[in-house]
Amino acid sequence: SRMACWIALHLPYLALEIAASFTPADAQTTVVLAQSRVWQAGEAARAAGVQNGMRRGGVLALLTQARFHDRDEAAERVALEALALALLRFGPDVAIASPQCVLIDVAPSLRLFGGLASLAAQVFESAEALGHRASLGIAATAGAAALLARAGEAVPLPVDSQADSQAPTPRQMQAAMQTRASRRSIAPGEARQAVATRTSAETAMPLASAWRGEPLLPPDERALPQQLDSLSVAWVPEAQPWLDWLAQIGCATLGELRALPAPGVRRRCGAELLAALSRAYGETPEAPAWYRAPPHFEAVLPLPSLTHDVEVLLFGLRRLLAQLTGWLASGQLATRALTLVLEHEPLGRQTLAPTRFDIRLAEPSAAPAHLLSLCKERLARAPLVAPVLTLRLDVTQTARHEPQSGSLLPEPGRARQDFVQLMERVTARLGDEHVRRLHVRGDHRPEAACVSEPYGSPAASGQASVGKRATPDASGQGPARGGP
């Protein structure tokens, strides 16, 4: 069977990120409550001594300016689905695992995206582009990758014993990807906190040269015990009810847990704990619940605050386009037309109509950079009537995507593609009616044989009349018809 290569993204601060998006100015003092107890807390709150499990009164005694929010599990599910949708551009096998973890099998896509190191960096940056702080794990099974991600282990060391002795550790690889991704997609004023595993700046190094010429090899199932045995049992969700008992008997790691007599552990903790370990170690097959993209794409992004700034809108639009790229890749589609809707805050009792931008493309495209440039031109040309509260992106027309094969030498068709994208940008800047082209129709009348039409309009409308006899217009004038 095919060797699997799983990448797991764990979002340890997802609840805090959702709560802080409503009050970004108070992100450092935000405290998320679940069942009246602290679930997650911002940096300033943790520095003041706030810990998970504390009650509201204890938090206020330590930090009087704390801002409380109830945990929104529905919003967390929506955020995980948005990340899963964005990851579909790297492969079709994506699953959402509890708690706060998204998994993807990238084995079929390794060569397409330049190897495991490059692909892992792009997956990590996808989470950063959506505004999440993530820890990453790579393993031969989905369960092992999820455990490594929760523990903060980023990339496994090569199995090859001949690997360079100066190769970076998994934590150094994690720091390298965090350093590379943190340079991008950070909104002004957005709360920035440490990811699950802290590493010193001295250990970070560029990901491209991380292995000093030695490629990062896909994980091997034989290395799973070496990767997992030293992890704490606290990272296993199925072990949470039994942590006190495991601590009392001196069982702290997965290796020690596996060394216990299986019948006794099964009687005390149930069968699910050992079953989860067996799947993580590759001893029994896994059956992830695959995520499937919706049949129609429509993404909504509430902005953290009202804004007139086009750059802030473009920052939010990048998040929507990241999801759109995954949705298009899942169906091997490209978009021909999309609609960008800006919803405004009501002015007193007056409700303002949303601002709509209908963007049509001369040729189908699935490139997020090109789609972003078209949206940028349209936003720059039309002044906003009121501050924007919500962004919504909707795909109205798609076509089958035909990706171009890579080539060492320039291809003749590339120049035409560049010209088409240039004309689409000019159309987005000047308007559809100001960029036109001539189209030849099958009509014997000279004045009707050549028509001017908008550049982005489909040429099929003109081809429909080819081979047909023209009919009289409303005035009754038209080509003379012969008798029967």
Side-chain angles (χ1 to χ4, degrees), residues 6 8-19 31-41 46 50-59 69-77 79-80 95-103 134-135 137 139 141-153 195-197 224-225 227-289:
W6 288 91
L9 282 175
H10 180 229
L11 311 182
Y13 298 115
L14 181 59
L16 186 63
E17 290 163 354
I18 294 174
V31 178
V32 180
L33 301 178
Q35 299 180 353
S36 302
R37 292 184 179 273
V38 174
W39 179 261
Q40 288 179 357
R46 293 200 304 270
V50 176
Q51 299 179 2
N52 293 349
M54 296 179 64
R55 293 188 177 274
R56 182 188 295 261
V59 174
H69 295 268
D70 290 329
R71 184 187 179 191
D72 191 345
E73 295 189 45
E76 293 179 20
R77 179 70 185 183
L80 290 173
I96 299 177
S98 179
Q100 294 88 36
C101 194
V102 179
L103 302 157
S135 55
T141 64
L147 289 173
L148 292 171
R150 295 188 189 106
E153 297 290 343
V195 293
T197 305
L224 287 174
Q227 289 180 271
L228 301 179
D229 282 350
S230 61
L231 296 184
S232 170
V233 294
W235 300 119
V236 183
E238 292 79 5
Q240 297 302 313
W242 321 105
L243 291 182
D244 292 340
W245 175 73
L246 293 173
Q248 292 174 2
I249 64 175
C251 180
T253 65
L254 299 185
E256 295 171 347
L257 177 58
R258 296 183 72 215
L260 296 177
V265 175
R266 190 175 293 108
R267 285 194 302 269
R268 182 62 184 256
C269 304
E272 185 56 33
L273 175 57
L274 292 182
L277 287 180
S278 179
R279 292 191 297 268
Y281 278 85
E283 298 170 352
T284 57
E286 297 177 297

Are the side chain of Glu286 and the backbone N or O of Ala142 linked by a donor-acceptor pair below 3.5 Å? yes
Table please: side-chain donor-acceptor pairs of residues 228-241 below 3.5 Å, with sequence neighbours left out.
| residue | atom | partner | partner atom | Å |
| --- | --- | --- | --- | --- |
| Asp229 | OD1 | Tyr281 | OH | 2.7 |
| Ser232 | OG | Ala234 | N | 3.1 |
| Gln240 | NE2 | Ala234 | O | 2.6 |
| Gln240 | NE2 | Val236 | O | 3.3 |

Measure across Ala139 and Ala145 and return the closest heavy-atom pair with its distance rounded to 0.1 Å. CB-N, 3.5 Å
Locate the shortest heavy-atom distance separating Ala41 from Arg46; write the atom from each residue and the value. O-NH1, 2.6 Å
Taking all heavy atoms of Ala149 and all of Gly137, pick out the closest pair and write down the distance. CB-N, 3.7 Å
Measure the CG-CZ distance between Leu260 and Arg268 for me, rounded to the nearest 0.5 Å. 12.0 Å
Minimum heavy-atom separation for Ala15 to Arg71, with atom names? CB-CG, 4.3 Å
A side-chain contact here means heavy atoms from C-beta on lying under 4.5 Å apart; do Leu80 and Leu14 qualify? yes
Between Gln40 (side chain) and Pro12 (backbone), is there a donor-acceptor pair under 3.5 Å? yes
Inter-residue atom distance Leu224.CG - Thr141.OG1, 0.5 Å rounding: 5.0 Å
Give me the atom names and distance for the closest heavy-atom approach of Gly250 to Glu256. O-OE1, 3.4 Å
Atom SG in Cys251, atom CG in Leu243: separation rounded to 0.5 Å? 10.0 Å
Could you report the tightest heavy-atom contact between Leu11 and Ala134, atom names first, then the distance? CD2-CB, 3.7 Å
If you measure from CD1 on Ile96 to CG on Leu9, what distance do you get to the nearest 0.5 Å? 12.0 Å
So, taking the atom named CD in Glu76 and the one named CD1 in Ile18, what distance separates them when rounded to the nearest 0.5 Å? 5.0 Å
Who are the side chain to side chain contact (heavy atoms under 4.5 Å, CB included) partners of Arg55, not counting sequence neighbours? Ser36, Arg37
